[in-house]
Amino acid sequence: PTPPEGIAMARQMKELSFNPAFLNLTQASSSRGWPGKEKEIGEYVAALENWVPGLKWPGNDRLIEDAKKRLGGQWPWCGVGTGYIDVQILANGIERAGTLDRTKIRDALATTEMMTVGGPVKSRADGTMENVVYLTQWQKGKLLPVWPKEHALAPFIYPMPAWDAR
């Protein structure tokens with residue numbers, strides 16, 4: 001769901017005392033956090049992301065700082081990194097193709113294997129990209145990767161505490 005819809009869904013679950021053990025609301029709120037009084041509702045909610053600001057991939061810190069300057073000091077939402085990764089992959093393909101010929105760019109993209117601000121990316125034989133997808137969880141107002149374990153910045157909290165325990 002979009003941020004307003006996801007936040008409304010979580011609020012309604014709390015009002016109905018519906019206490020799931022796990023709640024994945026990818027894109028329900030941006031990585032800027034759940035606003036104001038909704039922060040307690042968003043605690044422990046999970047999301048799948050292709051990019052997480054806190055990870056130490058090459059260029060990630062610079063991307064965050066540049067984005068914060070453009071956003072008036074606000075932390076960038078996850079779409080910023082995902083879009084940047086797409087541009088990194090395309091720029092790499094154009095550079096390796098050595099031309100703006102669409103067919104040659106497509107062929108170069110089909111052999112992509114590189115590091116991005118979101119981690120390693122590699123083309124599969126079917127033309128899709130293989131990349132790291134992170135399970136993130138809101139903990140103490142921060143969106144933190146909890147899986148895969150080698151990239152986790154916090155333990156996965158499961159089951160989630162009941163709404164009235166947050």
Side-chain angles (χ1 to χ4, degrees), residues 1-89 114-124 126 128-166:
T2 64
E5 292 165 337
I7 291 168
M9 288 168 58
R11 187 181 325 107
Q12 289 167 351
M13 286 182 215
K14 179 181 179 181
E15 289 168 2
L16 295 170
S17 297
F18 174 68
N19 292 301
F22 175 74
L23 181 58
N24 178 11
L25 291 175
T26 299
Q27 297 199 11
S29 69
S30 71
S31 59
R32 291 183 186 168
W34 293 66
K37 65 180 181 177
E38 309 295 356
K39 189 172 275 194
E40 69 181 43
I41 295 171
E43 192 71 1
Y44 309 113
V45 171
L48 292 171
E49 302 289 352
N50 290 345
W51 177 76
V52 182
L55 293 176
K56 298 298 179 193
W57 298 113
N60 201 18
D61 288 341
R62 180 174 175 207
L63 172 62
I64 294 165
E65 291 309 310
D66 288 350
K68 282 169 69 175
K69 286 177 190 172
R70 288 184 173 88
L71 297 168
Q74 289 184 313
W75 195 253
W77 60 95
C78 292
V80 168
T82 302
Y84 193 88
I85 291 166
D86 293 344
V87 172
Q88 283 185 297
I89 293 167
M114 63 180 289
M115 185 60 69
T116 71
V117 295
V121 173
K122 182 179 178 181
S123 294
R124 295 184 182 117
D126 67 1
T128 60
M129 294 286 175
E130 180 179 317
N131 64 301
V132 182
V133 176
Y134 308 95
L135 177 63
T136 60
Q137 189 176 46
W138 287 96
Q139 295 182 13
K140 297 182 182 172
K142 292 184 179 181
L143 186 65
L144 300 170
V146 296
W147 183 89
K149 286 186 179 185
E150 63 268 22
H151 304 298
L153 297 179
F156 179 45
I157 297 173
Y158 178 85
M160 296 185 340
W163 297 113
D164 58 2
R166 296 183 199 183

State, with a plain yes or no, whether a side-chain heavy atom of [X] is found less than 4.5 Å away from one of [Y].
| X | Y | answer |
| --- | --- | --- |
| I41 | I7 | no |
| W138 | K142 | no |
| K122 | M129 | no |
| N131 | P120 | no |

Working for salt bridge (Lys or Arg N to Asp or Glu O under 4.0 Å), residues D164 and K14: CA-CA 8 Å; D164 58 2; K14 179 181 179 181; over 6 Å; no
Nearest heavy-atom pair of [X] and [Y]: which atoms, and what distance?
| X | Y | result |
| --- | --- | --- |
| I89 | M114 | CA-SD, 3.9 Å |
| W57 | T116 | CB-O, 3.6 Å |
| P148 | V132 | CG-CG1, 4.1 Å |
| L55 | P145 | CD2-CG, 3.9 Å |
| G81 | W51 | CA-CD2, 3.2 Å |
| V117 | P58 | CG1-O, 3.6 Å |

At what distance, to the nearest 0.5 angstrom, does [atom1] of [X] lie from [atom2] of [Y]?
| X | Y | atom1 | atom2 | result |
| --- | --- | --- | --- | --- |
| L63 | Q88 | CG | CD | 8.0 Å |
| W147 | Y134 | CH2 | OH | 11.0 Å |
| E5 | Q12 | CD | CD | 10.5 Å |

Side-chain donor/acceptor of [X] to backbone N/O of [Y], under 3.5 Å:
| X | Y | value |
| --- | --- | --- |
| Q137 | Y44 | yes |
| N60 | P53 | yes |
| T136 | L143 | no |

Lys/Arg N to Asp/Glu carboxylate O, E43 vs K140, below 4.0 Å: no
Pairs under 3.5 angstrom only: tabulate donor-acceptor contacts from the side chains of residues 16-24 to other protein residues two or more places apart or in another chain.
from, atom 1, to, atom 2, distance (Å)
N19, OD1, W163, N, 2.9
N19, ND2, S17, O, 3.3
N24, OD1, T26, N, 3.3
N24, OD1, T26, OG1, 2.9

Pair I157-Q139, side chain to side chain contact (heavy atoms under 4.5 Å, CB included): steps then yes or no: CA-CA 9 Å; I157 297 173; Q139 295 182 13; 3.7 Å; yes
R70, CZ: over 12 other non-hydrogen atoms inside 6.0 angstrom: no
